[in-house]
Amino acid sequence: MVTKQQILQWLQTFATEIEQNKDYLTELDAAIGDADHGINMDRGFKKAIAQLPTVADKDIGSILKTVSMTLISSIGGASGPLYGTLFLRASTAVAGKQELNEQDMLGLLQAGLDGVLGRGKAQLGDKTMLDALSPAVTAFGQAVGEGNSTLEAMQRAVAAGEQGMKDTTPMLAKKGRASYLGERSVGHQDPGATSSYLMLKSLLTVLESFS
Amino acid sequence: MVTKQQILQWLQTFATEIEQNKDYLTELDAAIGDADHGINMDRGFKKAIAQLPTVADKDIGSILKTVSMTLISSIGGASGPLYGTLFLRASTAVAGKQELNEQDMLGLLQAGLDGVLGRGKAQLGDKTMLDALSPAVTAFGQAVGEGNSTLEAMQRAVAAGEQGMKDTTPMLAKKGRASYLGERSVGHQDPGATSSYLMLKSLLTVLESFS
Amino acid sequence: MKKLINKSEDFIRESLQGMAAAHADLIKVNYDPAFVYRADAAVQGKVAIISGGGSGHEPMHAGFVGMGMLDAACPGEVFTSPTPDQMLSAAKRVDGGAGILYIVKNYSGDIMNFEMATELARSEGIRVLSILIDDDVAVKDSLYTQGRRGVGTTVLAEKICGAAAQQGYDLQRIADLCRRVNLNGRSLGIALTSCTVPAKGTPTFKLGNQEIEMGIGIHGEPGRDRMTLKSADEITEMLALSIIEDAPYTRTVREWDEEKGEWVDVELIDPAFEKGDKLLAFVNSMGGTPISELYIVYRKLAEICEQKGLQIVRNLIGPYITSLDMQGCSITLLKLDDEMIRLWDAPVKTPSLRWGV
Amino acid sequence: MKKLINKSEDFIRESLQGMAAAHADLIKVNYDPAFVYRADAAVQGKVAIISGGGSGHEPMHAGFVGMGMLDAACPGEVFTSPTPDQMLSAAKRVDGGAGILYIVKNYSGDIMNFEMATELARSEGIRVLSILIDDDVAVKDSLYTQGRRGVGTTVLAEKICGAAAQQGYDLQRIADLCRRVNLNGRSLGIALTSCTVPAKGTPTFKLGNQEIEMGIGIHGEPGRDRMTLKSADEITEMLALSIIEDAPYTRTVREWDEEKGEWVDVELIDPAFEKGDKLLAFVNSMGGTPISELYIVYRKLAEICEQKGLQIVRNLIGPYITSLDMQGCSITLLKLDDEMIRLWDAPVKTPSLRWGV
Ligand SMILES: Nc1ncnc2c1ncn2[C@@H]1O[C@H](COP(=O)(O)OP(=O)(O)O)[C@@H](O)[C@H]1O
Ligand SMILES: Nc1ncnc2c1ncn2[C@@H]1O[C@H](COP(=O)(O)OP(=O)(O)O)[C@@H](O)[C@H]1O
Ligand SMILES: [Mg+2]
Ligand SMILES: [Mg+2]
Ligand SMILES: [Mg+2]
Ligand SMILES: [Mg+2]
């Protein structure tokens with residue numbers, strides 16, 4: 001069971017991870033975008049974390065919804081609506097819950113992924129955050145289907161997400177700013193896929209620390 | 001006797017000298033002015049030289065007047081009116097002459113110097129072209145007074161002008177752009193004094209080559 | 001990084017405060033959420049025009065708020081589209097009951113945020129349409145990609161639609177006009193230097209002493225090609241010919257269908273320029289290039305247009321849609337019809353565009 | 001050097017050709033000698049206002065030619081005052097029979113060339129007065145030196161005197177007004193980077209990554225002090241306080257006495273600013289600094305003026321008197337009286353300043 005405490009800690013860990021990788025994410029974005037992805041994510045998640053104490057006693061759905069609203073109103077750009085929608089849909093999937101079993105976790109991740117798909121209308125291989133998220137969620141679902149624990153499933157999800165992130169490097173971008181570069185977008189890792197991988201990795205870190 | 005041929009050659013030599021020292025004069029002006037003295041002088045004297053064939057059969061006064069008019073209408077800035085007036089007054093002093101004796105030469109130089117004084121209203125020690133011109137003309141006059149030839153007098157004039165030019169380095173500028181720098185103008189040689197020294201030196205070079 | 005700023009996180013707010021202090025007769029500023037609006041908003045019975053986008057393109061958009069142009073502008077963080085709550089608050093503040101047109105530049109971020117804002121506004125009973133600007137011919141392909149960026153034509157669309165709103169056009173007519181301006185406008189830009197984003201503190205890309213980036217956007221994103229420095233005439237020729245000879249451009253955009261009450265996909269085609277066309281020629285500084293150089297570009301552009309049988313009947317020259325301190329320029333050509341000319345000439349009174357009053 | 005130019009020797013001519021092509025309704029250009037003049041010159045019965053100076057300060061002066069401002073502008077080479085024949089030809093072209101005012105910035109070169117032009121014009125029977133602008137408080141001493149440079153106040157004097165001429169003021173009254181504007185205006189500038197003169201091709205001075213030049217002029221001449229980079233607020237405070245607290249400034253200038261028919265020395269004193277004064281605040285970009293940063297400066301300037309009991313009643317913010325591509329800014333404060341306010345607000349229609357028409 002993933003507890004509310006672990007969810008709160010996941011958000012906290014992800015925010016710290018973003019802060020530490022702020023310059024790295026921004027540099028990735030400088031190469032094929034507009035040099036702000038780390039700055040954007042850091043601004044949004046700092047604000048989101050600051051809101052957590054006010055909702056720590058609510059259910060997991062409410063917590064994720066607050067994160068979502070803060071991201072939507074403070075990030076802007078592409079990542080604001082995308083991460084905002086991800087957390088919004090995730091929050092709906094787990095509305096009212098105080099802890100999450102394997103199926104709940106799959107529901108959360110799948111809903112988040114669907115949110116990103118619906119909002120951004122990108123396809124796999126377009127060189128976006130989807131390319132890290134989608135294989136990770138698939139791997140998670142498969143692992144759960146095979147009867148694994150959330151921790152085990154998450155280990156496979158993170159591995160798949162990492163591979164997905166790395167696979168964005170040779171891709172030609174079709175969505176987002178990198179698409180304007182045409183051929184020149186090839187050879188660079190996508191910043192959004194990288195932050196999405198960090199999000200998954202943060203969750204695994206927390207689960208492992210509690211196991 | 002200084003012949004018309006020598007005067008024409010002086011102007012030509014001075015123009016060449018300016019061309020070769022264009023960057024040097026501009027760098028001197030960059031330090032305490034606006035980085036254009038070499039560019040200005042080169043533009044003006046190139047145009048003046050281009051006019052010489054049209055007046056080569058006229059008297060020395062007419063030749064110098066043509067130079068003056070070209071400088072005035074093509075240099076601008078401080079050096080345009082100053083060198084323009086110098087040649088204008090010099091031309092009046094030797095109007096109608098085909099060759100110049102020692103007294104004529106003194107008259108020419110003195111009139112030119114007076115022209116610069118009247119136009120620019122600077123004083124000795126203000127860190128301007130006057131600080132090279134004035135001691136040179138004084139030395140010339142003294143040498144002629146002591147019965148020397150134009151060549152000998154010019155040798156003394158150039159030595160005095162060179163010293164005067166060098167003496168501008170420690171001066172605090174009171175006229176021209178360098179004056180805006182206040183104390184920071186100290187320690188730099190004045191560009192206008194440098195071009196004036198080159199003018200005197202060019203004349204000496206020509207006289208020596210004919211002697 | 002050398003800039004006249006205090007802390008980089010205060011850059012936008014303090015710049016807005018300066019604007020508010022300087023132009024109190026024209027505009028007001030709301031800080032949280034951030035938007036700039038006409039001092040006399042809401043103008044009852046008039047369609048309100050709202051635009052917005054990342055900051056760093058000043059004077060666009062906030063400098064174009066005022067009589068005859070925008071009712072509100074939503075400034076995002078530097079090069080980051082604003083958030084839905086900014087757009088929603090602005091809409092509520094300037095809604096004069098005749099509906100709102102959002103003019104949106106075609107970037108993933110801008111589109112998603114404006115879409116969210118549109119849905120929120122509608123849920124509060126405000127009538128909103130939005131039109132996309134996608135005029136940057138540097139982007140070739142549109143079939144499977146994001147398509148073309150919105151750049152210089154945005155300024156022209158804001159002026160023309162602002163005048164239409166001022167003259168009492170209704171919402172649908174203004175939206176149609178805005179779409180027409182977009183379809184008839186094309187742009188291309190070049191950078192001599194990179195800009196420096198305050199929060200990053202170092203140049204976004206590095207260019208050698210003899211290198212330029214061709215086909216840049218307005219966010220310091222790299223261009224399509226890097227090439228050796230060329231003369232102004234050669235650069236102008238490259239830009240102008242790429243624009244003038246650009247083939248008809250087809251793409252599918254999502255527009256709100258008011259009758260159906262849903263988003264629908266619409267196929268739109270830019271017509272190519274033709275001999276005899278009347279043009280507005282817009283030569284824009286990316287921020288660090290002085291106007292003396294823009295005139296050198298304009299000189300060559302006018303010559304090329306003349307050779308091609310295109311008639312420049314209006315022009316705009318200066319820094320209007322910039323990338324912070326970037327040196328470089330962009331050219332926008334807009335094919336004008338008589339209605340657009342009339343609306344272009346109509347009075348405008350904003351901090352950065354002003355005539356006729 | 002990276003600029004949008006062709007050959008450096010063609011920089012000025014080609015830039016003027018671009019201006020002429022872009023603004024044919026407002027201005028015309030004569031190339032040899034070079035001057036820009038009102039398309040409808042000579043305006044009969046109106047005093048003509050002519051200014052001029054080195055190029056590289058665009059839009060000043062040529063961008064200010066038109067109805068309600070200058071009748072002609074004489075562009076010299078970059079940072080080099082124009083020549084007497086340019087000024088004389090311009091005077092002959094725009095003379096409407098009511099005399100001519102030359103507005104001259106206080107530089108050795110400008111003064112000498114304008115003096116020669118004035119004498120030439122008079123010898124041809126044209127009535128000419130000239131007024132010196134010397135407003136740069138960076139220059140302290142005046143007794144034995146060239147005195148203060150003419151900088152930002154020039155733009156304001158051209159607008160105000162241009163309006164006066166348009167309204168039918170006679171020559172002496174306009175000259176007196178121009179002198180009054182100069183005595184009430186004070187400026188100070190700062191550079192973050194050096195400019196690069198096209199013909200030279202390298203920056204005029206070198207500044208370290210963390211260095212700025214305080215008290216620069218407009219020709220890339222070094223300032224009075226080099227200091228480490230500071231925040232916008234600190235820089236604005238330094239500039240503003242140096243201007244506001246500047247003591248009354250006395251100097252002797254040469255003016256033409258029409259009755260005596262000769263040059264006379266006149267002692268002039270700038271009054272100091274006082275609590276309650278109404279001001280025009282002009283925040284100017286040196287060319288490479290974008291308007292977003294100017295607003296940050298304006299924000300602090302407005303705050304300081306308020307603290308000092310000075311009331312900003314008009315402002316001008318943008319690149320109006322520049323140094324090519326230099327990054328930096330200058331502040332000009334002009335104490336206004338009611339007549340000046342009225343003339344400032346009067347219609348103006350030039351390539352770079354336009355309102356009221
Ligand atoms: N339509 C889209 N669908 C999914 N992800 C997208 C889309 N557009 C952009 N992204 C992601 O957003 C990332 C960029 O985010 P960010 O730099 O914060 O926004 P912006 O591009 O507005 O500056 C990209 O690296 C990409 O992963
Ligand atoms: N009033 C003056 N009297 C004499 N010489 C002067 C005066 N003002 C300037 N100069 C000379 O002019 C030189 C600068 O010439 P130049 O750089 O061509 O003109 P500008 O200062 O207009 O750029 C100075 O170095 C100085 O020698
Ligand atoms: Mg980005
Ligand atoms: Mg000089
Ligand atoms: Mg962005
Ligand atoms: Mg000069």
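So that the names make sense, note that chain A is the first sequence line, chain B the second, and so on, each numbered from 1. Since this is a predicted model, take the numbers as computed values, not measurements.
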Please classify the contact of A/Ala31 with chain C as side chain, backbone, both or neither, using a heavy-atom distance under 4.5 Å. backbone

Over 12 foreign heavy atoms within 6.0 Å of NZ, A/Lys65: no

Residue selection (most heavy-atom pairs with chain C, distance under 4.5 Å) from A/Pro81, A/Ala78, A/Ser74: A/Pro81

Please look at C/Asp32 and chain A and tell me whether the side chain, the backbone, both or neither of the residue comes under 4.5 angstrom of a heavy atom of that chain. neither

Could you grab the distance from atom OG of C/Ser108 to atom CZ of A/Arg119, nearest 0.5 Å is fine? 12.5 Å

How about C/Glu9 and A/Arg43: do any of their side-chain heavy atoms sit closer than 4.5 Å? no

If you count heavy-atom pairs within less than 4.5 Å of chain C, which of A/Gly84, A/Gly120, A/Gly77, A/Gly76 leads? A/Gly77

Could you check whether atom NZ of A/Lys4 has more than 12 heavy atoms from other residues, nucleotides or ligands sitting under 6.0 Å from it? yes

Between chain A and each of C/Gly54, C/Pro84, C/Gly220, C/Gly215, count heavy-atom pairs under 4.5 Å; write down the option with the most. C/Pro84

So NE2 of A/His37 and OG1 of C/Thr80: to nearest 0.5 Å the spacing works out to 11.0 Å

Looking at A/Glu183, A/Gln123, A/Glu27, which makes the most heavy-atom pairs under 4.5 Å with chain C? A/Glu27

Roughly how far, to the nearest 0.5 Å, is CZ of C/Phe79 from CG of A/Asp36? 9.0 Å

Do you know which of A/Ser73, A/Gly182, A/Gly176, A/Gly33 has the most heavy-atom pairs under 4.5 Å to chain C? A/Ser73

Checking heavy atoms, do the side chain of C/Arg226, its backbone, both or neither come under 4.5 Å from chain A? both

Segment of A/Ile75 engaging chain C (4.5 angstrom heavy-atom cut-off): backbone

Residues from residues 321-332 of chain C approaching chain A under 4.5 Å (heavy atoms): none

Looking only at heavy atoms, the pair that brings C/Thr204 and A/Ala35 closest together is CG2-CB, 3.7 Å

Begin with the C-alpha distance, continue with both residues' side-chain angles, and end with the deciding distance and a verdict on side chain to side chain contact (heavy atoms under 4.5 Å, CB included) for C/Lys200 and A/Thr26. CA-CA 8 Å; C/Lys200 182 162 182 284; A/Thr26 298; 3.7 Å; yes

Tell me, for C/Phe205 versus chain A, whether the close heavy atoms (under 4.5 Å) come from the side chain, the backbone, both or neither. neither

One option among C/Gln86, C/Glu221, C/Met112, C/Glu115 has the most heavy-atom pairs under 4.5 Å with chain A, and it is C/Met112

Please flag which part of C/Asp136 lies under 4.5 Å from any non-hydrogen atom of chain A: side chain, backbone, both or neither. neither

Check each atom of C/Pro82 against the heavy atoms of chain A and say whether the ones under 4.5 Å are side chain, backbone, both or neither. backbone

Side chains of C/Gln146 and A/Arg177: does their closest heavy-atom pair fall under 4.5 Å? no

With a 4.5 angstrom heavy-atom cut-off, is it the side chain or the backbone of C/Asn113 that approaches chain A, or both, or neither? both

The interface call for A/Ser79 against chain C, heavy-atom contacts under 4.5 Å, is neither

Sub-4.5 Å side-chain heavy-atom contact between A/Met69 and C/Asp85: no

So with a 6.0 Å cut-off around NZ of C/Lys7, is the heavy-atom count from everything else above 12? no

State, yes or no, whether a side-chain contact exists between C/Met116 and A/Ile72 at a heavy-atom distance under 4.5 Å. yes

Region of A/Lys22 in contact with chain C, defined by heavy-atom distances below 4.5 Å: neither

Under 4.5 Å from a heavy atom of chain C, the part of A/Arg184 involved: side chain

